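Below is one structure, written out as structure tokens; comments come after it.
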Amino acid sequence: MKKVLLIGALFLGIVSVNAQTKEELKAEKAEKQAQADKFQAEANAIQAQIDALPGWRVGAFGTIGGSISEFNNWYAQAAPNNSSGNIGFTVNGYANLIEEKFFWRNNLNVNLGWVKLDDKDDPTDSDKFRENTDVFNITSLYGRKISDKWAVSGLGEYRTTLLNNFNNPGYLDLGVGATWTPIENLVVVIHPLNYNFVFADEGTVFESSLGAKFVADYTRQIGKINFKSNFSGFASYKSGDYSNWTWINSFGYTLWKNIGVGFDFGLRSNKQEAAAYQGVSLDNADNDLQSYWLFGLNYKL
């Protein structure tokens, strides 16, 4: 009986010591975490001061996504013997010069993708990858500050495709007006005088026109999250049929070093493109909303 009581007392002592040690470790961890949070807050404050200094801000991030598959004698589908795959990537880059009296902001967005479906039972079927996503957009905005939030500005924006039908169509916007920066990382461009040059083969429905340009860009990094949203719209003074807009969004979350997961999606409305694709006049075109999305690995430079 004495041995049993001794063993029980020893067991309770060990549990008590372990519990005490665990509580002590938790308290020590909380103390260290409080110190780490304090130092991180101080580091963030110093980084904010560095970011506010005049000079260049340069950065880039993007997403890579893809898949490859092969089926043999998979009779449940229409093409039981096939190989398929798709791959795509996006790049969002910026180079901004911020000075006391002026700024020069430059942005690049590229989204390219390829897809293939090779039916092995069809000898006429292609086994090559072909383009399925093709977006190229570059902008340059210069402004002279008249206050902390307003500037007189000039904008140049060029949009086209790279893999197929380069510059057919291509769009070049050149205009002047004002730029508003109500909060950090948000840039709003309002240009009532803008000419939308459209480059395309003769005999198509594409046509250049004078109008107003509106751009809103929000780019920010919060810890491991990279986020960019860009809306670019043109309102033609000649006809609403020549107006267009594009909204592109990119998200990235860093998991390890500079690699993580990303998601991109874009929306566009352009009646001239719809009419050219459908082979009809502008009046008869069905201007459905255009869209794309991409999910995959994300990288940050």
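This one's a predicted model, so the numbers in the text were calculated from it and none came from an experiment.
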Rounding to 0.5 Å, atoms OG1 (Thr160) and CG (Asn168) come to a distance of 8.0 Å
Problem - Derivation and outcome, side-chain contact (heavy atoms from CB on, under 4.5 Å), residues Ile259 and Lys257 - result: CA-CA 6 Å; Ile259 300 175; Lys257 292 186 177 181; 5.7 Å; no
Does Arg130 have more than 12 heavy atoms from other residues, nucleotides or ligands lying within 6.0 Å of its CZ?
no
Exercise for review: Indicate whether the side chain of Ser281 and that of Asn284 have a donor and an acceptor atom separated by less than 3.5 Å.
Suggested key: yes
In terms of heavy-atom contacts, Ser84 and Leu117 come closest through CB-CD1, 3.8 Å
Discussion item. Between Ile190 and Ile146, is there shared hydrophobic-cluster membership here, with clusters defined by ILVMFWY side-chain heavy atoms closer than 4.5 Å?
Written reply: yes
Quick check: is Tyr299 connected to Ile222 through a chain of hydrophobic side chains (ILVMFWY, heavy atoms under 4.5 Å apart)? no
CG of Leu210 to CG of Leu193, rounded to nearest 0.5 Å, is 6.0 Å
Closest heavy-atom pair, Leu267 versus Ser291, reported as atoms and distance to 0.1 Å, is CD2-CB, 3.6 Å
Among the clusters formed by ILVMFWY side chains lying less than 4.5 Å apart, do Ile225 and Leu294 turn up in the same one? no
Ring pair (Phe, Tyr, Trp, His ring centres under 6.0 Å) with Trp56: of Tyr94, Trp104, Phe103, only one passes, and it is Trp104
- [ ] Show the numbers, then the answer: is there a side-chain contact (heavy atoms from CB on, under 4.5 Å) between Gln278 and Asp286?
- [x] CA-CA 8 Å; Gln278 296 164 19; Asp286 186 6; 4.0 Å; yes
From the list Leu141, Asn196, Asn137, Leu172, side-chain contact (heavy atoms from CB on, under 4.5 Å) partner of Glu157 resolves to Asn137
CZ (Phe129) and NZ (Lys116) are apart, to the nearest 0.5 Å, by 5.0 Å
Tightest non-hydrogen contact, residues Leu255 and Val261, listed as CD1-CG1, 4.1 Å
Rounded to the nearest 0.5 Å, the CZ atom of Phe227 sits from the CG atom of Asn185 at a distance of 10.5 Å
Between Phe136 and the options Leu163, Val91, Leu108, Thr161, the side-chain contact (heavy atoms from CB on, under 4.5 Å) test singles out Leu108
Q. Looking just at side-chain N and O atoms, do Asn109 and Lys228 make a donor-acceptor pair shorter than 3.5 Å?
A. no
Contacts satisfying ring-ring contact (aromatic ring centres under 6.0 Å, His included) that involve residues 189-213 (not counting sequence neighbours) are Tyr195-Phe197
Residues 151-187 vs ring-ring contact (aromatic ring centres under 6.0 Å, His included), sequence neighbours excluded, gives Trp150-Trp180
- Judged by atom type as modelled, is there a donor-acceptor pair below 3.5 Å linking the side chain of Thr90 to the main-chain atoms of Thr63? yes
inquiry  = Quick check: is Ile138 connected to Phe89 through a chain of hydrophobic side chains (ILVMFWY, heavy atoms under 4.5 Å apart)?
reply    = yes
Side-chain donor-acceptor pair present, Ser250, Asp264, cut-off under 3.5 Å
yes
### Query
Counting only heavy atoms not in Glu100, do more than 12 fall under 6.0 Å of its CD?
no
Note: Ser236 and Ser209 closest approach over all heavy atoms is OG-OG, 2.9 Å
Interatomic distance, CG@Asn230 vs OG1@Thr246, rounded to 0.5 Å, equals 9.0 Å
Are Leu155 and Asp173 close enough, and set up right, to give a side-chain contact (heavy atoms from CB on, under 4.5 Å), and what steps lead you there? CA-CA 7 Å; Leu155 172 72; Asp173 281 294; 5.7 Å; no
For residues Tyr237 and Pro192, determine if any side-chain heavy atom of one lies less than 4.5 Å from a side-chain heavy atom of the other. yes
Phe61 vs Thr254 side-chain heavy atoms within contact, under 4.5 Å = no
May I ask you to check whether over 12 heavy atoms, not counting those of Asp148, lie within 6.0 Å of atom CG? no
ask   = Side chains of Arg159 and Asn244: do they bring a donor and an acceptor to under 3.5 Å?
value = yes
Shortest non-hydrogen pair, Asp134 vs Asn164, comes out as OD2-N, 3.0 Å
The side chain to side chain contact (heavy atoms under 4.5 Å, CB included) partners of Lys271 (sequence neighbours excluded) come to Asp241, Leu282, Ala285, Asn287
*Show your reasoning for whether side-chain contact (heavy atoms from CB on, under 4.5 Å) applies to Val187 and Thr179.*
CA-CA 7 Å; Val187 179; Thr179 294; 3.7 Å; yes
Hydrophobic cluster identity match, Ile64 and Trp114, side-chain contacts under 4.5 Å = yes
- Query: Any side-chain donor paired with an acceptor under 3.5 Å for Asp119 and Asn82?
  - Reply: no
To the nearest 0.5 Å, atom CZ of Phe251 lies from atom CG of Asn92 at 11.0 Å
Shortest non-hydrogen pair, Leu97 vs Glu99, comes out as CD1-OE2, 3.5 Å
* Without hydrogens or angle criteria, can the side chains of Ser140 and Asn106 be said to hold a donor-acceptor pair below 3.5 Å? -> yes
Margin query: Run the salt bridge (Lys or Arg N to Asp or Glu O under 4.0 Å) test on Asp118 and Lys128 for me, step by step, so that the C-alpha distance in whole Å, both residues' side-chain angles and the decisive distance to 0.1 Å come before the verdict.
Written below: CA-CA 8 Å; Asp118 177 24; Lys128 297 181 179 179; over 6 Å; no
Can you tell me if Ser229 and Asn249 form a side-chain donor-acceptor pair at under 3.5 Å? yes
